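Quantities reported herein were computed from a predicted structural model and do not represent experimental measurements. Chain letters run A, B, ... following the sequence lines, proteins first and then strands; every chain starts at 1.
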2 protein chains.
Amino acid sequence: MSSTPGSRRIYRKPIPFSRVVEIIEKYFKLEPKGVECVPLSEAVNRVLAEDVHAMYSYPPFDRALYDGYALISDDIVSAYEDSPIKLSLKGRISAGEEPKVELKRGECCEVATGAPIPYPADVVVPIEYSKEVDNSVYIYRRFNKGFGIQYACTDCVKGEVVAKRGTLLTPLLIGTLASVGITEVKVYIKPTIGIIAIGNELIEPGKALKRWKVYESNSLMVRSFLRDLGFEAHYLGLIEDRYEDLRALLDRALTKFDVVMTIGGTSAGYEDIVYRVLENYEPGIIVHGLKIKPGSPTIIAVARDKLIIGLPGFPLSCFLVLHLIVKEILCKMTGLPQEKRELYGTLLKNVGGTLGYVRLVPALIKREGSTFYAYPIHLHSGFLLKASLCDGFVLVPEDRELITRGERVKIILTDFKDSDLIFIGSHCPLTERLLLELHREGIRVKYLFTGSMSGVVAIKDGFADIAGMHIYSPRSDSYNRDLLEDIGIRDIVLIRGYDREQGFILRKGLGGLVNSFTDIVNLKLRFINRNKGSGTRALVDYLISKEAEKRGMDPDQLKASIRGYNVEVSTHESIALAIVEGRADVGVGIRYVADEYGLDFTRIKYEHYDFLVRRAFMKSKAFKLFNRLLTEYLKNIIGEFRGYRIPDDLGEVVYEV
Amino acid sequence: MSSTPGSRRIYRKPIPFSRVVEIIEKYFKLEPKGVECVPLSEAVNRVLAEDVHAMYSYPPFDRALYDGYALISDDIVSAYEDSPIKLSLKGRISAGEEPKVELKRGECCEVATGAPIPYPADVVVPIEYSKEVDNSVYIYRRFNKGFGIQYACTDCVKGEVVAKRGTLLTPLLIGTLASVGITEVKVYIKPTIGIIAIGNELIEPGKALKRWKVYESNSLMVRSFLRDLGFEAHYLGLIEDRYEDLRALLDRALTKFDVVMTIGGTSAGYEDIVYRVLENYEPGIIVHGLKIKPGSPTIIAVARDKLIIGLPGFPLSCFLVLHLIVKEILCKMTGLPQEKRELYGTLLKNVGGTLGYVRLVPALIKREGSTFYAYPIHLHSGFLLKASLCDGFVLVPEDRELITRGERVKIILTDFKDSDLIFIGSHCPLTERLLLELHREGIRVKYLFTGSMSGVVAIKDGFADIAGMHIYSPRSDSYNRDLLEDIGIRDIVLIRGYDREQGFILRKGLGGLVNSFTDIVNLKLRFINRNKGSGTRALVDYLISKEAEKRGMDPDQLKASIRGYNVEVSTHESIALAIVEGRADVGVGIRYVADEYGLDFTRIKYEHYDFLVRRAFMKSKAFKLFNRLLTEYLKNIIGEFRGYRIPDDLGEVVYEV
């Protein structure tokens, strides 16, 4: 990136995200805008704007810690279970009652928990160690002076600072304040926040999704994020990429809100308007670009003594900027002390960085004892669902091009949950159903559908427990085993799953006309291919080479004659979608998907979808239940899944090492 | 506790807290009472009551991940910085715009981030690696097929389960749901909760505190706790310990709420009404007593298909039962998966347990790297402020009588904050002022006033950074040094602090009449003593033995002639309070306190209040600032503190080892 031959505007001075606050504070003081008085009942999670002094000491008098008998400790020094001391009972004191009794040696007084201690008693013997008979009490154990009594003022002294300015009001602290006579507190006012979504490509949720558009989901995420932090943000609407519209809306918003956040339109493309609008304020843009990935297209501006934060439009980028930047800014504006709740874990898979940029890589996290293990999932900023299924992010510092397996890494947890079973592998609706059922049975299942190979690798790396895979090997015309042998994985068991019908997915009306690639060429159909490395692609290339062989051709020659052979997508569903949308006529995939999209289908063969299991995991309760579902429950539901069948060896071990 | 000679009712069958849920579920199903539909904008932190399937795939079309040029990757295999490839520009596609362009070899099309990819482009070159001149574009780097493109459906496929039933709706997940076309979700209804406070000894906050009463602070704490968890609880009022009142209020509450919590009145004393009221319902009490300390007086009952939780009245007990029991019950009733966010740390001080009971000991926590260190503070259930200043609780299992320093312990964090300086020691208003000023200067200070000795021990244990101490040694008629030598502490520095005027605190009108213990005896005054182990007690006993010596008496003889010599309290303020309240006429303490309570005072001597510092801490920025405040700022404020003076050697090292 050092040389930049482009003539276009790029982020002019991206800065490290750790410097954002310092730069903002040159133009805009990140501090509370004022103080308000709230009753204690409304004060939880607010921040104190004053030191609070106790109005009363606590406890306000010497009180009993137990239900029992107040007495003079010297009277019971020789009390034992087999030689109790007999005292005469001089009365009872309830909690809240004045202690009118005054004890002499040899006397005692019953007290309730919280009751005042009568003079000059110096011990309270809990009721369990006593026996009352008529007007006498037998004491069965000695207790030292002071036992069972909480003396006045020992917890808190009148005038003492009970809570300092800047303290977050927790439930226990609120109870404490009430106990020392406080009924309301001065807290910092929260900043008011307005949100504007920007983009021609956006459709408001609830309306029908048009072609080439996506839903405007970010404002909901941002508002939810802010609400979770304790802020109510006002959504000011979705506007198109028009200078005048944004300028007018911002002008209005700046009169009403302390902070205005825009979402989208912050990258450096030829039509981005946020930059153009913000540069016309005074002082205007103060941060243009951050050295983080994702999240770099972030703009911060100051106008009319208000702060404007331009968030990136890709949801994951937007989310990370909320976590890394916005949270800190708003905490400072609310007077909250900055918490650096950093967490470290052991990396289970190499992860690359970008020199000069902090990279944030979505990761699954598992915990063993108190050690966290991070398993990065390589997802770019366009991924959202898969990122939301992750537990957090691994942070790759700006001076590292690579962090290797085994290293200690900083982790940002966003939604960590402990799990009993981690599944990574190829997406299959039937397996998804099994995992959901497992979840329903109380097994905490974490799953991610990122393809067969990524599942195998996650098992090899010692992270996943089960991987779902269907990788065809032309070498032995079989599934999965060859690959496992080739990569030399150990301590695993391959369990036979089910079969899925694979074949040509065809534009409606082509059913019956296409049985081979030769047919595709002859009919001049537009083919759409799968990505290299996928099981389906391996099958495609194997079929082409067999047909070429039969016809005495070079396979590359046949490939070259297939229109669209080089156009690749990476899921069964993308194949179907391309055909539905008229971008292609034929592809290879499973019948279930062809049916779902209302397309025609010609079977090529049944493929095996099997389960690779980490051997150590087989002892777990979670595996036993999974196995039961596979071998029993599966039979009940497979009828709902067209194009699937159960083989005779379902659930059997077909390979282990 | 195995033998219980008492005839009174005690908790009949205390059970381990881990069994509470299991026992409740025999009578009352802990599950959501229903389902409601909410818009996504209101759904954060709610729990899904259904599996949510994607209505649209995501992304819905192949889209650009960068601002740049879409092109055919085969065209740029030989592109390098010094030999760019020139392509002809065939148009531009904005985000949201239909891709009308169809590319041929040698052509490219400008695309904005998020824009659709024109057919058959298979790579997007980011703008930084290009240069546009007239109608041509130079590409300066090769990129592989697929780079810069997110293919349709790769994140999420239409129909796929995006979020499972029982999932907590996080901000990122809400954004994800909006992106795949979801606008509202079915979530579990939250249980409704009513709260009743019980106790003759209680006064509603806001009213004047009467003698022998305490404020009803628990309902505020409970409501704050529940609100923090996301529940709104209804406060039904404070009632006295009368059977009929509680029964009537409960009867009404049971018609309105799913869960009713009572606070107080749950111990086994002779007047506790909660037990008597609840045993008259059907099935009535199902848990009476928990094997936890504090928190054992907890009652759970079921009546009219509603759950009643009787919380203990001591605030700390109440708080722990909320944390350990109520939270789990309410989470189950809201469908939330149970999170076992257990944390482990290294114990820095022995802590005792009670066989058969789980003990929870308040602790300060500090973190070094990712290791937590727990420092238990011995506070019984009557302490509230000091417990609220702690970071959490150390859990002592029921099968341990002792856990020793260095062992790994389970920690329940309630309000952990990182700190730059930990101060433990004797309470002194002047030191408190210094620490508050330090806090204001940005140093994260954690402090706890639990006495001189506990500060010294906390330094010796390697936990505290600074301890405030004033321990008199008759041996050398000096302060602090002898003790430090005697206990053999190392790697510490004792820094000279200031002097506090100590003397006889006297009932108004006695000023001038009392100059010695002989005067006290002669005037037949009621003395109030300090606890053994306190610095002041050491001074008292030293003075008595000197006076006895002068008079040729045995010191014990003189002690015996002092009325109230055996009555002990443990703070300066408790001495003053006892005199104000007429329970005593004279005690020993500092002038500042005598003044605060409007009492007379006769000086005995100035005592030294010094600062013990962990040597390793002296290099820190926090210590440097503390030292500057001590030697400079102190001079500005000492005038506000009567009875204090600055010695010549303020801030000097007076002892180190």
Check whether any side-chain heavy atom of [X] sits under 4.5 Å from a side-chain heavy atom of [Y], and report yes or no.
X: A:E110; Y: A:E132; result: yes
X: A:L316; Y: A:H380; result: no
X: B:D155; Y: B:Q150; result: yes
X: B:I93; Y: A:W212; result: no
X: B:Y56; Y: B:Y58; result: no

Salt bridge present between A:R440 and B:D51 (N-O < 4.0 angstrom) = yes
Could you grab the distance from atom CZ of A:R165 to atom CG of B:L436, nearest 0.5 Å is fine?
-> 9.5 Å
Between the CD atom in A:E432 and the NE2 atom in A:H439, the distance rounded to the nearest 0.5 Å is 12.0 Å
Pick from [options] with the largest number of heavy-atom pairs that fall under 4.5 Å of chain B:
options: A:M221, A:R408, A:E596, A:R583; result: A:M221
options: A:G146, A:A163, A:G181, A:A43; result: A:G181
options: A:Y119, A:Y138, A:F319, A:Y597; result: A:F319
options: A:P116, A:G206, A:A115; result: A:P116
options: A:S381, A:S217, A:G68; result: A:S217
options: A:D228, A:L226, A:V222; result: A:D228

Sequence neighbours excluded and cut-off under 3.5 Å, please list the side-chain donor-acceptor pairs for residues 168-176 of chain B, or say none.
from: B:T170; atom 1: OG1; to: B:L173; atom 2: N; distance (Å): 3.3
from: B:T176; atom 1: OG1; to: B:L172; atom 2: O; distance (Å): 2.8

Carefully, step by step, assess A:E240 and A:N200 under the rule side chain to side chain contact (heavy atoms under 4.5 Å, CB included).
-> CA-CA 5 Å; A:E240 298 201 335; A:N200 294 334; 3.1 Å; yes
Is [X] close to chain A through its backbone or its side chain, or both, or neither, when contacts mean heavy atoms under 4.5 Å?
X: B:R227; result: side chain
X: B:L65; result: both
X: B:T183; result: side chain
X: B:F383; result: both
X: B:E98; result: both
X: B:P60; result: both
X: B:K210; result: neither
X: B:S57; result: side chain
X: B:P429; result: neither
X: B:H427; result: side chain
X: B:F449; result: side chain
X: B:Y66; result: neither
X: B:F225; result: both
X: B:D62; result: side chain

State, to 0.1 Å, how close B:L577 and A:A152 come at their nearest heavy-atom pair, and which atoms those are.
-> CD2-CB, 3.7 Å
For B:P120 and B:I72, work out which heavy atoms get closest and say how close.
-> O-CG1, 4.0 Å
A:L40 vs A:L177, side chain to side chain contact (heavy atoms under 4.5 Å, CB included): CA-CA, chis, key distance, verdict = CA-CA 8 Å; A:L40 269 191; A:L177 295 181; 3.9 Å; yes
Of the options A:L384, A:L220, A:N218, A:V214, which is the one that meets B:S179 in a side-chain contact (heavy atoms from CB on, under 4.5 Å)?
-> A:L384
Just so I understand: if I count every heavy-atom pair under 4.5 Å between each of [options] and chain A, which residue has the most?
options: B:S219, B:P205, B:P315, B:S574; answer: B:S574
options: B:I203, B:N566, B:V133, B:L435; answer: B:N566
options: B:V161, B:T414, B:N45; answer: B:V161
options: B:K145, B:R223, B:R211; answer: B:K145
options: B:A578, B:P99, B:P59; answer: B:P99
options: B:Y235, B:Y151, B:F314; answer: B:F314

Region of A:V593 that comes under 4.5 Å of a non-hydrogen atom in chain B | neither
Check the pair B:I182 / B:V162 against side chain to side chain contact (heavy atoms under 4.5 Å, CB included), numbers first and verdict last.
-> CA-CA 10 Å; B:I182 310 298; B:V162 189; 5.9 Å; no
Given the rule in the side chain to side chain contact (heavy atoms under 4.5 Å, CB included) test, do A:E128 and A:Y140 qualify, once you have shown the distances and angles that lead to the verdict?
-> CA-CA 9 Å; A:E128 298 93 304; A:Y140 288 80; over 6 Å; no
